[in-house]
Amino acid sequence: MVADLKSLPGMVLDGGEPVFAEPWEAQAFAMTLHLYQQGLFTWEEWTQHLSAQIHGGKERVYYAHWLAALESVVAEKTAIDGAAMDQRQKAWEEAAERTPHGEPIELDDNVRGVSKTF
């Protein structure tokens, strides 16, 4: 399996095991697992989206594919449009900027038209 992991672009290994290179990678991973456990999508649906991103022709590091797949499956399952997803991303960025290091990031309740479930 290690040989397979080495073939993934940007996959960081420590002692032959995958590790997160950046905090956002761990957050995307955790968000994916949470939404799967909540029943938003099946694992088969997830792997189809991830595979499509990896084989889609864009050269990215592995977790950039992962994040794109997460955005894709969430958009498909929740019918969220690009504008709403952009609004959510901006709200998270603004919340992160005003949140002291080590504290949980909390969104304002007035993020219009976007569920606080993810």
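Given the structure is predicted, the values throughout are model-derived calculations rather than measurements. Side chains included, hydrogens not; waters and symmetry mates left out as well; all remaining heavy atoms used.
Side-chain N or O atoms of S51 include none that pairs as donor or acceptor with a backbone N or O of T47 at under 3.5 Å.
Every residue meeting the side-chain hydrogen bond (donor to acceptor under 3.5 Å, both in side chains) condition with E93, not counting sequence neighbours, appears here in chain and number order: Q89. Applying the side-chain hydrogen bond (donor to acceptor under 3.5 Å, both in side chains) rule to E44 yields the partners Q48; only residues at least two apart in sequence or on another chain are considered. A95 meets the side chain to side chain contact (heavy atoms under 4.5 Å, CB included) test with R98, I105, L107; sequence neighbours excluded. Applying the side-chain hydrogen bond (donor to acceptor under 3.5 Å, both in side chains) test to T42 and every residue at least two apart in sequence or in another chain returns E45. Looking at residues two or more places apart in sequence or on another chain, you find no side chain to side chain contact (heavy atoms under 4.5 Å, CB included) involving E97.
Rounding to the nearest 0.5 Å places CE of M11 at 10.5 Å from NE2 of H65.
Cluster membership for V12 and Y63, using ILVMFWY side-chain heavy atoms within less than 4.5 angstrom, is not shared. A continuous path of ILVMFWY side-chain contacts below 4.5 Å connects I54 to L13, so both sit in one hydrophobic cluster. In the hydrophobic cluster analysis, where Ile, Leu, Val, Met, Phe, Trp and Tyr join through side-chain heavy atoms closer than 4.5 angstrom, L70 is grouped together with F20.
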**Study point:** Steps toward side chain to side chain contact (heavy atoms under 4.5 Å, CB included) verdict (Y62, L50)
**Key:** CA-CA 10 Å; Y62 178 73; L50 181 58; 3.5 Å; yes

Anything under 3.5 Å between a donor and an acceptor, one on a side chain of residues 25-32, the other on a protein residue two or more places apart or in another chain? List them.
| residue | atom | partner | partner atom | Å |
| --- | --- | --- | --- | --- |
| E25 | OE1 | A21 | N | 2.5 |
| E25 | OE1 | E22 | N | 3.3 |
| T32 | OG1 | A28 | O | 2.8 |
| T32 | OG1 | W66 | NE1 | 2.9 |

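The minimum heavy-atom distance linking Q53 with A69 is given by the pair CG-N, 3.5 Å.
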